[in-house]
Amino acid sequence: MSTTKAKVERPASVRKGGGRFDWRWAGLAALLAAAVYAPFQLVPFHVFQLTMVLVYAVALLGLNLLVGHAGQISLGHGAFFAIGAYTCAILLDRFDLPYPLTLPLAAAVAFVLGLALGVPAMRLRGLYLALVTLAIAIFLVPLLKRFEELTGGSMGLTLAKPTPPAWSGLAEDQWLYFLTLAVAVAAFLLAASLLRSRVGRALHALRDNEIAAEVMGVRLSFYKTLAFAWSAMFAGAAGCVYTWVIGFVSPDSFTVNLSITLLAGLVVGGLGSLSGPVLGGLFVMFVPSISQDINDAAPGVIFGLLIIAVMYVAPTGLAGLAGRLIKKIPRKE
Amino acid sequence: MAAFLQQVVEGLGAGAIYASLALALVLIYQFTGIVNFAQGELAMFSTYIAWQCVAAGMPFWLALVVTLAVSFAGGMLIERIIIRPVEGAPELTIVIVTVGLFIFVNAAAGWIWTFLIKDFPNPFPGGALEAAGISVNFSTLGVLGVVALVMGLLYLLFQYTKIGLGMRAVAANPASARLVGIRVGRTLALGWGLAATVGAVSGVLVAPLLFLEPNMMGGVLIYAFAAATLGGFDSPLGAVVGGLVVGVAETLAGAYVGFIGSDLKVGVPLVIILGVLLLRPQGLFGRAAVERA
């Protein structure tokens, strides 16, 4: 089945499936059906939790483009998440824009900022990118507090959530869930098609061997900067949806901890695969809420140990482990 | 003028602390090519050990010696257990592992000692030295003195001892060092131990000024990164000079640029990092890396 023994599993789309029935698409369809069915069966709080999983998954899809596929590290993705969230909040608060319009605008602002910051950072080795992004994430919080008249300062901004249209017959939590699901599916398809294109191949090439990629004609700084800007765009879109769902933004929701948790979730979920971000989203949402009962510090201890353990034994994370198990199942040729 | 000099002196005091953590970062980078994102958290953990010793009734200086010894051993252990398995792995893997260590140590400190702020004793007397209209706190002088002492000891170690010679050899070329009989693995562990010790010093110096809590070093770390970037990641002297420059730049920017004020000072290291990377990526004292395909 696999055409290559590369270190990181290629997404299914890269492989030549021929005319055979692909179980992956069936699995995906079943998952989507379950995702559509779920909000009618769960209590509102659980629907909210699932919504947040999807929000994080969108951000992680972007982070995965950068870290998993281009091999560049960002410790400041929470900053772009915050920028998306605040762009949306300010547009709603100041300009009374309709909700659907805030999404492309928030994504665009994050993209442009990612491009602007990526140009200087990406000309250098990955290590320095980690430094610069960490500094950005730390700097953003006081910056948000400073421009009080626009951002509401430390108090933040409170906004009305989108109300479900009458024809849908949905409750608010269900409507928010479906909005988020739609964004997540669109983000998933966008990421999948990006990776299948010439760009995705360029990213994999520069991740696996920069010098070889350059020799083959991949413009390193161009593609690195682009990957950074895209991943910022996904984070911005996720931030915008976050504002829809929560209806409140404040600087302290977007500390450097958020950035580090996102990276942790992605690493545990699985770098370089399409299902990794979804698993990572589950982690980011549920590990803290479940383990916080033991001790305030328990989520950190679990995440820290898991990250180190994953890097030792399963660099492709949970998604990679699942993939390996599936391959063990014998299949008819 | 006196007010300006006063600000410079305070900047130097802050800078000395950044310098000490930057020194720890540089020590590890020199030997292993790893930037240890957990350095600040290890320093914080060491400071808690010192606090625990003082709380148990030990005199401060004895507690410091115990802390430094524990930190040294802890640094070596971390190298052995956590870093060794990913040695030679891609940069991305190593950075992620040190980030994991960062999260773990931070949370572990919170678990053991809770997230409540703790008062940390100041080892230096309270008064200030008055000269030419400027007053210099004894604690600022003490911090500067300690950092100078650490720097001097490291210089002696590297230049005049056999261990130091071996460490320099490993930093210059691990493969050749191994061929002439230097125990490279042991030397790398030694480097981590030294770095943890130097980091512990910076933690103990910071704690009386900032109060002790698990997130204490988060803010300092970014200044230390700026200092190391400015000085050059492979130059201990650069780290110290960089730390002092960053400290002074931050204090002056906070005092004299109205827009920045005290809350946006944390943007100064970001600007310094970006500026250095664009203009002189190897830093003031660093050597430009030459890559061979």
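No experiment lies behind these values; they were computed from the predicted model shown. First the proteins, then the strands, lettered A, B, ... as listed; each starts at 1.
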Return yes if a side-chain donor-acceptor contact under 3.5 Å exists between B:E213 and B:W113, otherwise no.
no
Toward chain B, the part of A:A298 with a non-hydrogen atom under 4.5 Å:
both
Are there residues of residues 102-109 of chain B that reach to under 4.5 Å of chain A by heavy atoms, and which ones?
B:F102, B:I103, B:F104, B:A107, B:A108
Part of B:I222 within contact of chain A (heavy atom distance under 4.5 Å):
side chain
What's the shortest heavy-atom distance between A:S74 and A:L63, and which atoms?
CB-CD1, 4.1 Å
List in chain and number order the residues that pass ring pair (Phe, Tyr, Trp, His ring centres under 6.0 Å) with A:F81, two or more places apart in sequence or in another chain; answer none if no residue qualifies.
A:Y242
Paired with A:F80, the ring pair (Phe, Tyr, Trp, His ring centres under 6.0 Å) test is passed by just one of A:F228, A:F234, A:F111, A:Y86, namely A:F228
Closest heavy-atom pair, A:A227 versus A:L66, reported as atoms and distance to 0.1 Å, is C-CD1, 4.0 Å
Which region of A:V301, side chain (C-beta onward) or backbone (N, CA, C, O), has a non-hydrogen atom less than 4.5 Å from a non-hydrogen atom of chain B, or is it both or neither?
both
Interchain contact, B:I272 with chain A, by part (heavy-atom threshold 4.5 Å)
neither
Counting heavy-atom pairs under 4.5 Å with chain B, which one of A:L134, A:I302, A:L140 comes out on top?
A:L134
Looking only at non-hydrogen atoms, find the nearest pair between A:H77 and A:A232 and report the distance.
NE2-N, 3.9 Å
Under the rule for ring pair (Phe, Tyr, Trp, His ring centres under 6.0 Å), what residues qualify as partners of A:F283, not counting sequence neighbours?
none
Measuring from A:D252:CG to A:N257:CG, what's the distance to the nearest 0.5 Å?
11.0 Å
Residue-level contacts of residues 227-238 of chain B with chain A, using a heavy-atom cutoff under 4.5 Å:
B:T229, B:F233
Heavy-atom nearest pair, B:G199 first then B:L21, reads CA-CD1, 4.4 Å
Region of A:V67 that comes under 4.5 Å of a non-hydrogen atom in chain B:
both
Which atom names give the shortest non-hydrogen contact between A:I73 and A:A130, and what distance separates them?
CG2-CB, 3.3 Å
In Å and rounded to the nearest 0.5 Å, what is the CG to CG distance from A:L266 to A:L271?
5.0 Å
Determine whether more than 12 heavy atoms belonging to other residues, nucleotides or ligands lie under 6.0 Å from atom CZ of B:F211.
no
Among B:L101, B:V97, B:V86, B:I82, the residue with the most heavy-atom pairs under 4.5 Å to chain A is B:I82
Minimum-distance pair of heavy atoms, taken over all atoms of A:G62 and A:S231
O-CB, 2.8 Å
